[in-house]
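Heads up: numbering here begins at 1 and tracks the sequence. Small disclaimer: the values here were computed from a predicted structure and weren't measured.
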Amino acid sequence: MTNWIPLGNAYEISPGTRKAYTVKGTEIAVFHVAEGDQPGTFYAIDNSCPHQGASLIEGEGCGTEVTCPLHDWNFDVATGECHDFPDFSLTRFELKIESGVLMVDGAAFGEPGPPQNLFLVRYGAMGWVDHFSAEPEDDYPHRARVLLETSRGEEVGEILSAAGQMEKQPTAAGAIVREFTPADQSTLASQEDVTSRVFLDCQTLIQERGMPTEIIDCEQLFDQQTVVLYYLGSRMPALEILAQELNANYAWRIVFHPVDEAPAASGCSSGGCGCDDK
């Protein structure tokens, strides 16, 4: 049976505005979309961008489109679709109005699961700090080195602290695979270091083409598959083409990553631009 949950009076959201509500621990964004003098339509989606959790209520938009205020991901509030990265659409919630009260279909929420076992972890050449999930029984001390599964691949991180109890759990950037072992250190030390060659090759190509981009660092991940080039400047399609050309010359997967943006949550490879389907 459908369980409709009242949110509040529909008139509280005037045409062209939006409002956030928390339902069973989930924050949703309700948009009142109207054109001209036509009656408006209410739409509800997750209020959290799947990239890094920014509130979409704070984003700009027109009609049924809204843009994430952090990194400009564009969403359709009527469908939940992400125009930039279709694999990362948002949950859409059914709404109705009864006697002037806006109501949401409670069937979409279900029962909340147990809280995740989260840790704050520092990782990557840029020293990103984010939350990572672990198995419920796992415990890691301060400064313990761990293997992480991130959106970029398998890499090494350092535990800063357990996350503890929080009113609203953050989206995990990835998962802690296990503790880093002496055997892992031997594997890491035995990797062929290709960062200098990739860095120089990339700089040469950028200079030859007059691209307004500066490469400032290069990092090999533990997965022995991925090389990350960190850059200053705006995202541009030319970087994806450059990544594909570099991929043709190396056995490693080359990915470009902006220095001012932490990696996306695990499962999203768009925190940087590069060729992810080699």
Side-chain angles (χ1 to χ4, degrees), residues 25-27 46 48-54 70-71 73 85 87-88 90-91 110-191 193 195 217-230 252-272 274 276:
T26 298
E27 192 169 272
D46 278 321
S48 178
C49 177
H51 184 196
Q52 290 183 353
L70 276 185
H71 300 113
W73 285 29
F85 306 104
D87 289 340
F88 298 93
L90 296 167
T91 301
E111 295 300 323
Q116 287 184 292
N117 184 22
L118 296 176
F119 290 84
L120 268 178
V121 182
R122 178 167 51 217
Y123 67 107
M126 296 294 108
W128 314 116
V129 175
D130 216 328
H131 293 91
F132 284 79
S133 64
E135 294 297 325
E137 67 278 5
D138 288 347
D139 190 23
Y140 297 100
H142 174 63
R143 301 298 294 272
R145 297 180 79 194
V146 290
L147 278 184
L148 306 172
E149 186 64 41
T150 74
S151 59
R152 310 190 304 176
E154 196 170 65
E155 48 191 303
V156 182
E158 180 183 53
I159 298 290
L160 297 180
S161 72
Q165 296 295 320
M166 290 174 284
E167 183 176 341
K168 181 181 178 182
Q169 286 208 328
T171 300
I176 300 173
V177 179
R178 56 178 170 79
E179 194 165 359
F180 193 75
T181 67
D184 293 327
Q185 181 59 47
S186 297
T187 299
L188 194 62
S190 66
Q191 284 187 2
D193 187 357
T195 55
D217 206 353
C218 187
E219 175 185 20
Q220 289 180 222
L221 302 190
F222 181 80
D223 63 9
Q224 302 186 66
Q225 299 177 18
T226 308
V227 174
V228 182
L229 286 159
Y230 295 96
W252 295 70
R253 181 179 66 119
I254 312 299
V255 176
F256 285 90
H257 198 109
V259 298
D260 60 350
E261 180 180 326
S266 184
C268 170
S269 60
S270 51
D276 290 315

Practice task
Apply side chain to side chain contact (heavy atoms under 4.5 Å, CB included) to V255 and R253, showing your working.
Solution key: CA-CA 7 Å; V255 176; R253 181 179 66 119; 3.8 Å; yes
Practice task
Could you walk me through whether V129 and L160 pass side chain to side chain contact (heavy atoms under 4.5 Å, CB included), step by step?
Solution key: CA-CA 9 Å; V129 175; L160 297 180; 3.8 Å; yes
Exercise for the section: Using the side chain to side chain contact (heavy atoms under 4.5 Å, CB included) rule, take F132 and I159 through it: C-alpha gap first, then chi angles, then the decisive distance, then the call. Expected result: CA-CA 10 Å; F132 284 79; I159 298 290; over 6 Å; no
Exercise for the section: Determine, stepwise, if the pair T226 / E155 fulfils side chain to side chain contact (heavy atoms under 4.5 Å, CB included). Expected result: CA-CA 10 Å; T226 308; E155 48 191 303; over 6 Å; no
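Residues satisfying the side chain to side chain donor-acceptor pair (under 3.5 Å) test with D193, not counting sequence neighbours, are T195. With sequence neighbours excluded, no residue forms a side chain to side chain donor-acceptor pair (under 3.5 Å) with N117. By the side chain to side chain donor-acceptor pair (under 3.5 Å) test, S161 is found to be paired with no residue, residues two or more places apart in sequence or in another chain being considered. Residues passing the side chain to side chain contact (heavy atoms under 4.5 Å, CB included) test with Q225 are D223, sequence neighbours excluded. Qualifying side chain to side chain contact (heavy atoms under 4.5 Å, CB included) partners for V156, counting only residues two or more places apart in sequence or in other chains: R145, L147, F180, F222. Applying the side chain to side chain donor-acceptor pair (under 3.5 Å) rule to E135 yields no partners; only residues at least two apart in sequence or on another chain are considered. Contacts of E158 classified as salt bridge (Lys or Arg N to Asp or Glu O under 4.0 Å), with partners at least two apart in sequence or in another chain: R122, R143.
Distance check, rounded to the nearest 0.5 Å: CG of D46 to CD of E27 gives 10.0 Å. Atom CE of M126 is separated from atom OH of Y230 by 5.5 Å, given to the nearest 0.5 angstrom.
The backbone N or O of S133 sits nowhere less than 3.5 Å from a side-chain atom of Q116 that would complete a donor-acceptor pair.
Side-chain contact check for T187 versus Q224: some heavy-atom pair is nearer than 4.5 Å. Looking at L120 and H131, their side chains come closer than 4.5 Å, going by heavy atoms from C-beta outward.
The salt bridge (charged side-chain N to carboxylate O under 4.0 Å, His left out) contacts involving residues 169-188 comprise R178-D184, where partners must be two or more places apart or lie in separate chains. Applying the ring pair (Phe, Tyr, Trp, His ring centres under 6.0 Å) rule to pairs touching residues 133-160 yields F119-Y140, sequence neighbours excluded.
Taking the six-membered ring for Trp and thresholds of 30 and 60 degrees, W73 and F85 have ring planes inclined between 30 and 60 degrees apart.
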